[in-house]
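Report on one structure; see the data block that follows.
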Amino acid sequence: METMHILLLFIIQILVQGPKTGANKVPAIIVFGDSSVDTGNNNYLPTIAKCNFEPYGRDFPGGMPTGRFCNGRLPPDFISESFGLKPTIPAYLNPLYNISDFASGVCFASAATGYDNATADILQVIPLWKELEYYKEYQDKLKAYLGVNKANEILSEALYTISLGTNDFIENYYGGRSSQFTIDQYQDFLIGIAEDFLKQLYHLGVLKISLTGIAPMGCLPAQRSTNFMNNYGCNEEYNNVALQFNRKLKKVVAKLNMELAGLKLVFADGYSILLELIRNPFKFGFEVADVGCCGTGTFEAGILCNLDTPFMCTDATKFVFWDSIHPTEKTNKIISDYLQMYLKEFR
């Protein structure tokens, strides 16, 4: 009878604790990239590529602008929460946070950056090599805070998410680099930088990486608004460039998984889900997919999207895009949920 009682208590304990979650396998989310994942680093840079003012952040907890190019949270925030970690990831340059806050997640991303150093130079933001330097600094701080063994355990078990590339084409290639490269050459140039960056991370002890490709950039409202020759539809040339680049990234992912022992690198394809949201918005509860919520939604982004901007929408949940470039929080949540199928092997 006593044995049965002990067994019953054991079963109850298991039921109360519930199934083991990914939080036990992924102790931190570490973020590199551009405005798609920048949680506020650009606030602390002398650049116009920032959004630390209203109406940005109006649907963020507390209703405050944080430097996220959105009305609320970004995909890394939702991904962190899905792994049982904190619901928002702090920006590394934010002086309100310290290494104890960064131990379970940190963001090094910078809006308007890219793989190409020249892309970051356009608006004086953090180039990718500098994001890596900040990460090395973070490694040292974490080891000093937790001790080498514990820190190394977190660093090797953490999930690293990387999202950038769009600015290299929209801001840089079509803004002038096209005189130096064909589109194929420029893609290969960027792919070489991406591969080198991934190898550098690996040699720093990084083993779990989610690499996000480029979104359907030809369907961003800012691009559609200039596509008057095609009735303001998506710029299919830009979309095809994105698809081609993504295919090349996938080859790098397969190659590095073969070459680097212990590496678990996944290509998290956000292209198809965002295109589906744009083409079939009503299916997901949206009403508007061709313009953003802010102002006319055709060109307003960053400093052009502010409290003095007329025609601001009242309900961002009806819009796929928040401004002329960046998705709304609702879109970010849907994309994050979709990406879980790529992240399941990290759980």
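Numbering of residues begins at 1 and proceeds along the displayed sequence. Predicted model only: the values in this text are computed from it and were never measured.
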State whether [Y] and [X] meet the cation-pi test: NZ (Lys) or CZ (Arg) under 6.0 Å from the six-membered ring centroid, and within 45° of the perpendicular axis.
| X | Y | value |
| --- | --- | --- |
| Lys130 | Tyr134 | yes |
| Arg73 | Phe60 | no |
| Lys25 | Phe346 | no |

Got a sec: does the [atom1] of [X] have more than 12 other heavy atoms crowding it under 6.0 Å?
| X | atom1 | value |
| --- | --- | --- |
| Lys86 | NZ | yes |
| Lys136 | NZ | yes |
| Met64 | CE | no |
| Phe311 | CZ | no |

Only one of Thr328, Asp323, Asp59 forms a side-chain hydrogen bond (donor to acceptor under 3.5 Å, both in side chains) with Asn71, so which one is it?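 Testing each of Thr328, Asp323, Asp59 against Asn71, the sole residue satisfying side-chain hydrogen bond (donor to acceptor under 3.5 Å, both in side chains) is Asp59.
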Using only the SG atoms, establish whether Cys51 and Cys305 come within less than 2.5 Å of one another.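 Taking the criterion (SG atoms under 2.5 Å apart), Cys305 and Cys51 fail it, so no.
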Tyr271 and Asn246: side-chain donor and acceptor closer than 3.5 Å?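 No - no donor-acceptor pair under 3.5 Å links their side chains.
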Could you tell me whether the side chains of Asn172 and Asp116 share a donor-acceptor contact shorter than 3.5 Å?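 Present: a donor and an acceptor within the cut-off.
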Interatomic spacing from OH in Tyr97 to CD1 in Ile89 - rounded to 0.5 Å: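 Output value for this atom pair is 11.0 Å.
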Taking the six-membered ring for Trp, is the centroid-to-centroid distance between [X] and [Y] below 6.0 Å?
| X | Y | value |
| --- | --- | --- |
| Tyr138 | Phe108 | yes |
| Tyr238 | Tyr174 | yes |
| Tyr145 | Phe102 | no |
| Tyr135 | Tyr160 | yes |

Check whether any side-chain heavy atom of Asn332 sits under 4.5 Å from a side-chain heavy atom of Phe78, and report yes or no.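 Sidechains of Phe78 and Asn332: in contact.
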Partner of Ile48 under side-chain contact (heavy atoms from CB on, under 4.5 Å), chosen from Leu123, Val125, Asn42: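 Only one of Leu123, Val125, Asn42 forms a side-chain contact (heavy atoms from CB on, under 4.5 Å) with Ile48, namely Leu123.
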